[in-house]
There are 2 protein chains.
Amino acid sequence: MTGSPTEQRLRAAAFELFEQQGYDATTVESIAERAGVGRTTFFRAFGSKEDVIFPDHTDVLARVRQRLAASSAAETPAAVTEAARLVLRRYLDEGDLARARYRLTRTIPALRSREIAHLQQYQQEFRDHIRRWTGEEPGADLRAELMASSVVVAHNHVLRRWLRGLTEDPEREFDAAMAQVLRTHAPSAPTEIAGDDAGAGAGARGTTVVVLRSPVDADAVLPALRRALAQAEGSEGNGPATGPVLTS
Amino acid sequence: MTGSPTEQRLRAAAFELFEQQGYDATTVESIAERAGVGRTTFFRAFGSKEDVIFPDHTDVLARVRQRLAASSAAETPAAVTEAARLVLRRYLDEGDLARARYRLTRTIPALRSREIAHLQQYQQEFRDHIRRWTGEEPGADLRAELMASSVVVAHNHVLRRWLRGLTEDPEREFDAAMAQVLRTHAPSAPTEIAGDDAGAGAGARGTTVVVLRSPVDADAVLPALRRALAQAEGSEGNGPATGPVLTS
DNA sequence: ACAGATATGGTACTCAGTACCATCGAGCGA
DNA sequence: TCGCTCGATGGTACTGAGTACCATATCTGT
């Protein structure tokens, strides 16, 4: 929520009119008029009609970049997690404003498109930073891209749940979601798992081989097994990653 | 490359002018003029100036949807792979046209944004389809989103390498990338199991080896697994016969 | 040849975004 | 106090995308 008083009045006017009359039916001139300024001032403050509902995206992006740059390569998983949390917190702090924006971005294609473009920018920052961490083997580029997109998706998943009022504790869900992402993309999970399987070595996550002699086939029991595992892991709130199933 | 002769001429004219003068410096009127038609015809053929360089995105999206819809839930990994391959092939078939588009989308923000929006549409199709496959445990939504985004990222990674001339065999790289994605997101390899089990017969007393990866160790989850198995078999009236459980 | 459907062309309009210039007020030095 | 600059603002005029509407042509089957 940065900006001069004029900018704040323009933003408020824009959100009000967009909600009342719809985005397309609202002209920049009417926004400026309601804010008591000229049309020119609007375009000087925000480059376009779309930008007025994404007030400080540039700031947040800069903060993310800065947070990432301030970390060493070895801390990458933690740095990425904290950078993503930074973005999440910014939305949470906005409260109803974020919800109003969500209502608009869900409805108006142009705004949705713009928001997706913003997410892509975050993703690229993450990718570039992660890339220095994924080493030099072939496939390192792809691994960095996969991890970056997963981080953004996890963030967005939780954010959207909060925007829809489906969660009371978004930060907890964020932690769980990020833990799940890191479990599959980081060679070893940062803190929790390290203690448990200390001796296991590179794989870091325990591999459990269950040999079943039973008349039911694998597909039938897998869901039940997964559910059981999920409960056993429950405190971490993450689904288990189930490996290959072989039958003989 | 669908469309009437008029549309083809318009596309060709648009690409030529965009390359020569740049996107912003080219007016729709000049495109229409070069194609020998009126400005109105341009907007009838393509809804906007941006759309002219994404000729048949709607078609491809429809094909993807159709390919996914034609598959059962059990085939999800294979169906998603093939649907993504369909998109890749479409680009490869375009050849230089795809490269010309890439040159534009890399440069002009509006076009880049539009392309990202298209990718998002693919991703949503994948997500919705995968969602039916990820079961009902908590976290299934997120898992579907993660897998969908990973598929799109893997596809795009290979596509971009091809567009930049960094690979001679994009399909091979695509297979490798998709294999990597499925390894982390699909519980089991797609096709093998179905084939293996085919002859075993429904009632056969097979031995099933289930490999589970989870951060908790086997002893902790074993009781839960036994209970889950007992319930699964319970409905069929057979006692559970769980063999040895090994951890590594 | 006639009637209707379809593709096209033209005209006029709205509105976002840009460029340019004029104005106003605050601060500041002489 | 006068005059100056500087930053923010307002106004005007322009380009160009996109839309609405109507007129015309071409093609179809009868």
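Every chain is numbered from 1, with letters handed out A, B, ... down the list of sequences. The shown structure was predicted, so the numbers you read here are calculated from the model rather than taken from an experiment.
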Colleague: To the nearest Å, how far apart are A:Phe46 CZ and C:dT18 C1'?
Modeller: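 Taking atom C1' of C:dT18 as the reference, CZ of A:Phe46 is at 18 Å.
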
Colleague: State which residues pass salt bridge (Lys or Arg N to Asp or Glu O under 4.0 Å) with B:Arg161; sequence neighbours excluded, sorted by chain then number.
Modeller: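 Salt bridge (Lys or Arg N to Asp or Glu O under 4.0 Å) check on B:Arg161 returns B:Glu173.
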
Colleague: When you measure from every atom of DNA chain C, which of residues 105-117 of chain A have a heavy atom less than 4.0 Å away?
Modeller: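 Correct list: empty, so none.
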
Colleague: Would you mind listing every ring pair (Phe, Tyr, Trp, His ring centres under 6.0 Å) that reaches into residues 85-126 of chain B, with sequence neighbours excluded?
Modeller: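 Non-adjacent pairs meeting ring pair (Phe, Tyr, Trp, His ring centres under 6.0 Å): B:Phe54-B:His118, B:His57-B:His118, B:His57-B:Tyr122.
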
Colleague: Across nucleotides 7-15 of chain C, 5' to 3', mark each nucleotide with B, S or - according to how protein heavy atoms within less than 4.0 Å reach it.
Modeller: -BBBBB--S

Colleague: From CG of A:Asp51 over to P of C:dT18, roughly how many Å is that when rounded to an integer?
Modeller: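 For the pair A:Asp51 CG and C:dT18 P, the rounded distance is 10 Å.
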
Colleague: What residues, two or more places apart in sequence or in another chain, satisfy salt bridge (Lys or Arg N to Asp or Glu O under 4.0 Å) together with B:Glu115?
Modeller: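 Expected list: none.
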
Colleague: Show me the donor-acceptor pairs, under 3.5 Å and distance only, between side chains in residues 13-22 of chain A and residues at least two apart or in other chains.
Modeller:
from	atom 1	to	atom 2	distance (Å)
A:Glu16	OE1	A:Arg34	NH1	2.2
A:Glu19	OE1	A:Arg103	NH1	3.1
A:Glu19	OE2	A:Arg103	NH1	2.7
A:Gln21	OE1	A:Thr26	OG1	3.2

Colleague: Specify the separation, in whole Å, of atom CD of B:Glu29 and atom C1' of D:dT19.
Modeller: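 After rounding, the reported distance stands at 15 Å.
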
Colleague: To the nearest Å, how far apart are B:Tyr23 OH and C:dG17 C1'?
Modeller: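 These atoms are roughly 14 Å apart.
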
Colleague: Salt bridge check: are B:Arg90 and B:Asp59 linked by an N-O gap of less than 4.0 Å?
Modeller: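 No.
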
Colleague: Mind checking what makes salt bridge (Lys or Arg N to Asp or Glu O under 4.0 Å) contact with A:Glu168, not counting sequence neighbours?
Modeller: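 For A:Glu168 there are no salt bridge (Lys or Arg N to Asp or Glu O under 4.0 Å) partners, ignoring immediate neighbours.
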
Colleague: How many whole angstroms separate atom CG of A:Leu10 from atom C1' of D:dA8?
Modeller: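 In whole Å, D:dA8 C1' lies 13 Å from A:Leu10 CG.
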
Colleague: Could you tell me which residues satisfy salt bridge (Lys or Arg N to Asp or Glu O under 4.0 Å) with B:Glu7, sequence neighbours excluded, listed by chain and number?
Modeller: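 Salt bridge (Lys or Arg N to Asp or Glu O under 4.0 Å) check on B:Glu7 returns nothing, list empty.
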
Colleague: Measure from CZ on B:Phe43 to P on D:dA17 and round the result to the nearest Å.
Modeller: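 One finds 6 Å between P of D:dA17 and CZ of B:Phe43, rounded.
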
Colleague: Give the rounded distance in Å between these two atoms: CD of B:Glu50 and P of D:dG18.
Modeller: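 B:Glu50 atom CD is separated from D:dG18 atom P by 7 Å.
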
Colleague: Taking atom P of C:dA19 as reference, at what distance in whole Å does atom CZ of A:Phe42 sit?
Modeller: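 In whole Å, C:dA19 P and A:Phe42 CZ are 17 Å from each other.
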
Colleague: Roughly how far apart are B:Asn156 CG and B:Leu163 CG, rounded to 0.5 Å?
Modeller: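 These two atoms lie 9.0 Å from each other.
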
Colleague: My understanding is that only residues two or more places apart in sequence, or in another chain, count here; which of them pass side chain to side chain donor-acceptor pair (under 3.5 Å) with B:Ser113?
Modeller: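 Checked B:Ser113 against side chain to side chain donor-acceptor pair (under 3.5 Å); matches are A:Ser113.
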
